[in-house]
Novice: 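Just passing along the structure, written as structure tokens.
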Amino acid sequence: MTRQAILQKKTKTRRLKRYPELTAIGIGWGASACIGLLVLGGCFAGENGFVFGGMFVIALLYLGMAVLCLAVYQAARHSIAAGGGIPIFCRRLGWLMVASALCGNVFAAIAGFSIVKEKRSLEYNLCSYAILGNLLVLLITLLNLFKEYVARFFMVGIGLLLASVVLYVVALPLIERAQTPEQYRKLKPLAIILIASALLGNLFAAILGLVILMRIKNEGSARSIEWVDIVRRIYRNYMAVMGFFIITILIVLAITCGMTFDYEYAISIDYDNLLHPPSLAYPFGTDNTGLCVFTRIVYGAQISLAIGLVSTAVPIVVGGLLGAMAGYYSERLDNGIMRILDVVYAIPSTLLTIAIVAAFGANTVNLILALSISNIPIYARTMRAQVMTVSNSEFVEAARSCGRHEWQILILHIIPNSLAQIIVRASVSIGIAVLSTSSLSYLGLGVEPHIPEWGNILKVGSPYLETHPYLAIYPGLFIIVLVLAFNFLGDGLRDALDPKLK
Amino acid sequence: MRASIRKSFSGAYENTSTRIFLLLFGVLFFIPAVLFHLARRGGNEYNRRLREMKASIDVDALRAEVTGNIQKKLSYFKRSEAGLDGEVTRVLQARLDEEAKLKLARAFPLLKPFSFTQSVLELLDTTAGMLLYCTLGLPAVLFAALMTNAFVRYTFGRLLLVVFVVFGVTFLVFTILHFSPMDPAYNILGQLATAEQVEQFHKAYGLDQPYIVQLVESFKGIVTLNPGKSFLGSEDVITMIVNRLPITMELTFASLLLAVAIAVPTGMLSALKPYSILDYVVMLLALIGLSMPSFWMGLILIYNCSIKLGWFPVSFIQGDWRSYVMPVIVLGTGMMASVARTTRSSMLEVLGQDYIVTAKAKGLSRRKVIMRHALGNAMIPIVTIIGIQFGSMMSGATVVEKVFNINGLGNLLVDRQFVPDIPVVLAGVVYVAIAVSLVNLLVDLLYAFLDPRIKAKIKGY
């Protein structure tokens, strides 16, 4: 390759790098094509050969969107490589991609939202993800309409979800239009409504509301707020936001499923519907006692997320405090605490769980206890190392010379500055807790067998592996997707909190 | 010779972890030494001079100075003057000692502070004392000589920690099991067992003894490799474990080898071409590997490779290599993923260091730069992650053994926890914890060879 050619290639890469929209569209067409082909394959996989129906229409919609995205992608690439920007007609076509959210094509919709506007503020991004999140949950919930009966508060749940989607759609232009501080201040009630709407679980809406409030509070001053900057940096990483998006969807589902999904389908035995293959009424089929696997998985999300959150929060508090004390106070205390934690650290988590369950029986509380205890040493070690570094900083000296008490220095100055690593670790360890929970439930050491937890669902499905593999495949996929989401978020957080590490 | 014996003594005595062993080994010598030390205490020159110096200091002037300082500080921070006197006395005492020592050091620079070490060293200076030490305290002499080597001392300290951990784990697990509200007697004898039968069962297994006695018995059992008989079937616990531990270990180490063999080169490749397609694919695969529940992966493999394709036997047969393939892959996946990720990030970090730029600048070939300068340093975090992950692999082995129905230790423990078969669960958990601790010890020692920084730190002790 000549020097000229290398230089040209470098210029091209540099130009392409300036447009993060391209990544979104690239993933948009790839994902749409994959899903489309999978659904198309599903049309042919039935016993009667090819079936023309809703499935086929959906497959066509996805494949069509994939073609559209691909065309836009190529057009935009050529135009950028030639030195121009993204052509205006490409940006117009973005609206069509946004519309594909109505058939559940989130990837194309994200691509659409990112291409229709040239300059996207953080608020715009947050709001578009908030819309897509609740819209997707709404669509998933609407699948319940194919069942014989729906939950008592189904309409209430649907109404709330619909209202929240409408709210976000209305909020988007309002926020975009606000330019001057005057106009911005008027958004305060909207921000509060957005935060209130996050009670349904939409974390994007909550962050959006907080960002607006922060901007109103700091209006005029140029100083940047650290956590807002971190959110902005996370947005540069497509997969991290995707992970956060998936987590948000599952949280919204876990919160609203009490209203919209009938628990009866998840727990009461139905002898008329044993081992039903996947259909619209039972999207993931029914198990050997006639329970709807889909409903069970949705309720399982509730339990998995709850266990994951609690069994991460407890060791963060306990381990974090112990580690901070060990790292800050005398060497003797350090030795005492760390040696005791070494004992806990030496026992592999499953074996510790076996010991605890052997003594006190298998149930959710003991499971959380076991997971929490085995996580304490890890957080203590992380915190200790951080505190040891931070406590040599000048600002600690300054605080001490101003006569702060030692414990005040520790709590007010050192711990807040040592949290970055802990936050990254926490996001990954929620994922690990979800994995451990399902593994332990599968072994019969975790959640009580009658509760629809993902490991339990898999355990019920595993004897039917040969005849009805979907019973074991779907819950497993959900576990992978949720844990993957937490891992992606963790990677994104790590890069955003410490740019040096990348 | 004499000098080195003196030096080895004071070295071993100053280190808190070796001191107690030194005293223990040389107890025959140290008892007379203590008597010598006590006899010398009164007429010791250092203490006498120190007292003189203290008496010569003007206490009132010092008190005035200290009080003034503290008052100034309190008024600056706008605090009340309550408790002023107490603080003044405390600070004054410290200042007095400090000043006296300073003065003493200035007046008699050769006078050493009076301590037990000093007494023993003085004793060793006399020929009689030296002879006594070398005869009565021979074990101590040898021990102290051994401890002059930095690596031996480091290894010794780490071994002590392992012993502590073993006792700690035994204590923890025993206590958890002891305070269980469930009575294994009913589970084994049946719900209809009479009170006498239950009592007899308790007596046979020593469950009627107080907590402390049982705990000591458990310690003894663990250390002497004779943890008693299982509740269920009354088998020898140690034979059960000896029969089952090897297969668990085989699985774990095979997975470890597989993981390292695949993950290290892949991680390096992806670090050498960062942000390429290969890099993205490898890292995505690694993340999926991290996120996959191992039992699910096992089920999918059984379904596809055993049931559908018939490549590997469905049930595990010990000794048949084909039946090892799937469990090893499943168990190795998580390790593979984390090792690959660590290799990539640590390699990337090392490649960005200044010494790599220097190596490139002096004209070394790319291969030499990577093999000689980058790889060795990049290995350090990889070794760490292997040590850290070993424990979770032992956890994973339990699940894999259940899924593939392998007669390993984890399978045994899961089956016996329902009883609960206390001796089996206790011994199983403790021995696995010992294995994990030993592997971590090995990793720590490996460090010392890999990382010159740590080597220097160890020598600096």
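Chain letters run A, B, ... following the sequence lines, proteins first, then strands; residues in each count from 1.
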Novice: I'd like to know which of A/S374, A/P348, A/S436, A/P475 tops the heavy-atom pair count under 4.5 Å against chain B.
Specialist: A/P348
Novice: Restricting to non-hydrogen atoms, name the atom on B/S180 and the atom on A/A359 that form the minimum distance, rounded to 0.1 Å.
Specialist: OG-O, 2.7 Å
Novice: Please classify the contact between A/Y442 and chain B as side chain, backbone, both or neither, with a heavy-atom cut-off of under 4.5 Å.
Specialist: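 For A/Y442, the side chain is the part near chain B, not the backbone.
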Novice: Flag the pair A/V481 / B/S291 as yes when at least one side-chain heavy-atom distance between them is below 4.5 Å, and no otherwise.
Specialist: no
Novice: Tell me, out of B/M297, B/M393, B/M292, B/R416, who's got the most heavy-atom pairs with chain A below 4.5 Å.
Specialist: B/M292
Novice: With a cut-off of 6.0 Å (strictly less than), are more than 12 heavy atoms of other residues, nucleotides or ligands near CZ of B/F404?
Specialist: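 Enclosed: over 12 neighbouring heavy atoms sit under 6.0 Å from CZ of B/F404.
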Novice: Shortest non-hydrogen contact from B/P181 to A/F360?
Specialist: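 Closest pair (atom of B/P181, atom of A/F360, distance): CD-CD2, 3.4 Å.
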Novice: Which bit of B/I388 comes within less than 4.5 Å of chain A, counting heavy atoms only: side chain, backbone, both or neither?
Specialist: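 When you check distances to chain A, atoms from both the backbone and side chain of B/I388 fall under 4.5 Å.
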Novice: If you compare all heavy atoms of B/L284 against all heavy atoms of A/F488, which two are closest, and at what distance to 0.1 Å?
Specialist: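 Closest approach of B/L284 to A/F488, heavy atoms only: CD1-CZ, 3.6 Å.
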Novice: Shorter than 4.5 Å, heavy atoms on both sides: which option in B/T398, B/I288, B/L299 has the most such pairs with chain A?
Specialist: B/L299
Novice: Quick check for you: among B/I434, B/L426, B/L161, B/V166, which has the greatest number of heavy-atom pairs under 4.5 Å with chain A?
Specialist: B/L161
Novice: Which pair of non-hydrogen atoms, one from A/A355 and one from B/L177, has the smallest distance, and what is that distance?
Specialist: O-CD2, 3.7 Å
Novice: With only heavy atoms counted, which part of B/V414 is less than 4.5 Å from chain A, the side chain, the backbone, both or neither?
Specialist: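 Contact with chain A: backbone and side chain both.
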Novice: Nearest 0.5 Å, what's the CD1-CZ distance between A/I479 and B/F295?
Specialist: 4.5 Å
Novice: So which heavy atom on A/A472 is nearest to which on B/W296, and how close?
Specialist: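 Taking every non-hydrogen atom into account, O-NE1, 2.8 Å.
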Novice: Counting heavy-atom pairs under 4.5 Å with chain A, which one of B/I307, B/I422, B/I302, B/D421 comes out on top?
Specialist: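 Result: the option with the highest number of such pairs is B/I307.
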Novice: Side chain from CB out, backbone as N, CA, C, O: work out which of these in B/S437 comes under 4.5 Å of a heavy atom of chain A, or both, or neither.
Specialist: side chain
Novice: Between A/T353, A/L440, A/L435, A/L477, which has the largest tally of heavy atom pairs under 4.5 Å with chain B?
Specialist: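 Maximum pair count with chain B is reached by A/L435.
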Novice: Do you know which of A/L351, A/V434, A/V428, A/I480 has the most heavy-atom pairs under 4.5 Å to chain B?
Specialist: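 Of the candidates given, the most pairs with chain B belong to A/I480.
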Novice: Non-hydrogen atoms of chain B under 4.5 Å away: do they reach the side chain of A/L482, the backbone, both or neither?
Specialist: neither
Novice: Give a yes or no on this: more than 12 heavy atoms of other residues, nucleotides or ligands lie within 6.0 Å of atom CG of B/L309.
Specialist: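 Yes.
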Novice: What's the shortest heavy-atom distance between A/V343 and B/G168, and which atoms?
Specialist: CG1-C, 3.3 Å
Novice: Between B/L287, B/I300, B/V403, B/L172, who has the most heavy-atom pairs with chain A when the cutoff is under 4.5 Å?
Specialist: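 Among the listed options, the one with the most contacts to chain A is B/L287.
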Novice: For A/L445, is it the side chain, the backbone, both, or neither that has a heavy atom closer than 4.5 Å to a heavy atom of chain B?
Specialist: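 For A/L445, the contact with chain B is made by the side chain alone.
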Novice: With a 4.5 angstrom heavy-atom cut-off, could you sort out which part of B/L409 is near chain A: side chain, backbone, both or neither?
Specialist: neither
Novice: Is atom CZ of B/F179 surrounded by more than 12 heavy atoms (other residues, nucleotides or ligands) closer than 6.0 Å?
Specialist: yes
Novice: Measure B/R341 against the heavy atoms of chain A and call it side chain, backbone, both or neither at under 4.5 Å.
Specialist: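 Side chain of B/R341 only, per the 4.5 Å heavy-atom cut-off to chain A.
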Novice: What part of B/Y303 gets closer than 4.5 Å to chain A, counting heavy atoms only: side chain, backbone, both or neither?
Specialist: both
Novice: Could you grab the distance from atom CD1 of B/I176 to atom CG of A/L369, nearest 0.5 Å is fine?
Specialist: 8.5 Å
Novice: Less than 4.5 Å to any heavy atom of chain A: does that hold for the side chain of B/V425, its backbone, both, or neither?
Specialist: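 B/V425 touches chain A through side-chain heavy atoms alone.
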Novice: Please classify the contact between A/Y345 and chain B as side chain, backbone, both or neither, with a heavy-atom cut-off of under 4.5 Å.
Specialist: side chain
Novice: Which atoms of A/I432 are under 4.5 Å from chain B, going by heavy atoms: the side chain, the backbone, both sets, or neither?
Specialist: neither
Novice: Top residue by heavy-atom pair count (under 4.5 Å) with chain B, among A/A485, A/A362, A/G431, A/P469?
Specialist: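 Top option by heavy-atom pairs under 4.5 Å: A/P469.
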Novice: Name the option with the most non-hydrogen atom pairs under 4.5 Å to chain A; the candidates are B/L413, B/V173, B/V162.
Specialist: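 The candidate making the most pairs under 4.5 Å is B/L413.
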